[in-house]
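Inspection log for the structure reproduced underneath, given as structure tokens.
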Amino acid sequence: MKAVQQPWFNIQRIRDDLYCITEPHYTWENRANLWLIKGRESDLLIDTGLGVTSLKLYLADLLDKPLKVVASHVHFDHSGGCHEFDQVYIHQNEHQALCQGNQQLILSAPEFGFVPETDFYALPYQGFSASNYEVRACPQARAIQHGDVIDLGDKAFEVMHLPGHSSGSIGLYDYASQCFFSGDVVYDGELLDELEDSVIDDYIESMEKLLQLKTDEVRPGHYRSFDRQRLQELIKTYISEKKAPGCPSEN
Ligand SMILES: [Zn+2]
Ligand SMILES: [Zn+2]
């Protein structure tokens, strides 16, 4: 019998205006990084975790301004807590899926069983069962698209549409600080391009765009943060593997 763990979340202060929140009792392999950025007029939360317990309550002491919540894409490890918040944004390609709670896209083919009991080292509450896990619909979500700007007053993030991992995957880029929040488009681990809504050719194109990106601070959807050199290594490795003879993208 697994124990109930509260708090369910962990928070790490990176600097005064940047925090990383994780769910340490959920498998490290699929554990998302949720990023809280403090702005002058509003704050920004990038991704919301599994949604198995209240992120809004957990963050309450840190939230003293209007909060904008952006889902980097619709997958459950990023969008699970969106329903709790008022101002929620997601790329237009996945807007309907989040509004309606389309589990096929959110759980990325539930028949693959991506959310097994064994992925939970502890329980978020008594009686929790992964077999009943679903992401709640978020009808209040608003659609964003490439080029939109999320303005926090003293800093602003441009939406970059980077499909491939999923059709509505985005990154958020701050031109002033050159900090890039990459979601699941690129992180320092095995990249997933064979999910329900993945398109490898789109992924390659997105990666080629990112090769030009001026950034020395990548804050990814999973695993550790990295610099421009590592970003370029990860991109080049991905592209060369996908373009190797015999790969489907060459046929
Ligand atoms: Zn994903
Ligand atoms: Zn993910």
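Counting starts at 1 for both ligands and their atoms, in listed order. All heavy atoms count here, side chains included; hydrogens, waters and symmetry mates do not.
With the Zn ion (ligand 2) as the vertex, NE2 of H78 and OD2 of D77 span 90° to the nearest 10°. In this structure, NE2 of H165 and ND1 of H75 enclose an angle of 90° at the Zn ion (ligand 1), rounded to 10°.
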| request: Apply side chain to side chain contact (heavy atoms under 4.5 Å, CB included) to R230 and R224, showing your working. | output: CA-CA 11 Å; R230 186 65 185 144; R224 64 179 187 90; 4.0 Å; yes
Under the side chain to side chain contact (heavy atoms under 4.5 Å, CB included) criterion, do L213 and Q178 qualify, and how do the steps go? CA-CA 9 Å; L213 192 71; Q178 300 189 339; over 6 Å; no
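Note on H73: counted as a metal contact of the Zn ion (ligand 1), an N/O/S atom lying under 2.8 Å. Between the Zn ion (ligand 1) and D184 there is an N/O/S contact shorter than 2.8 Å.
Note: Y26 and F76 have perpendicular aromatic rings, judged against thresholds of 30 and 60 degrees for the angle between ring planes.
The atom of H222 nearest to the Zn ion (ligand 2) is NE2, with the search restricted to N, O or S atoms.
Ring centers of F157 and Y173: at least 6.0 Å apart, outside the cut-off. Checked against the 6.0 Å centroid criterion, the rings of Y121 and H25 do not qualify as a close aromatic pair.
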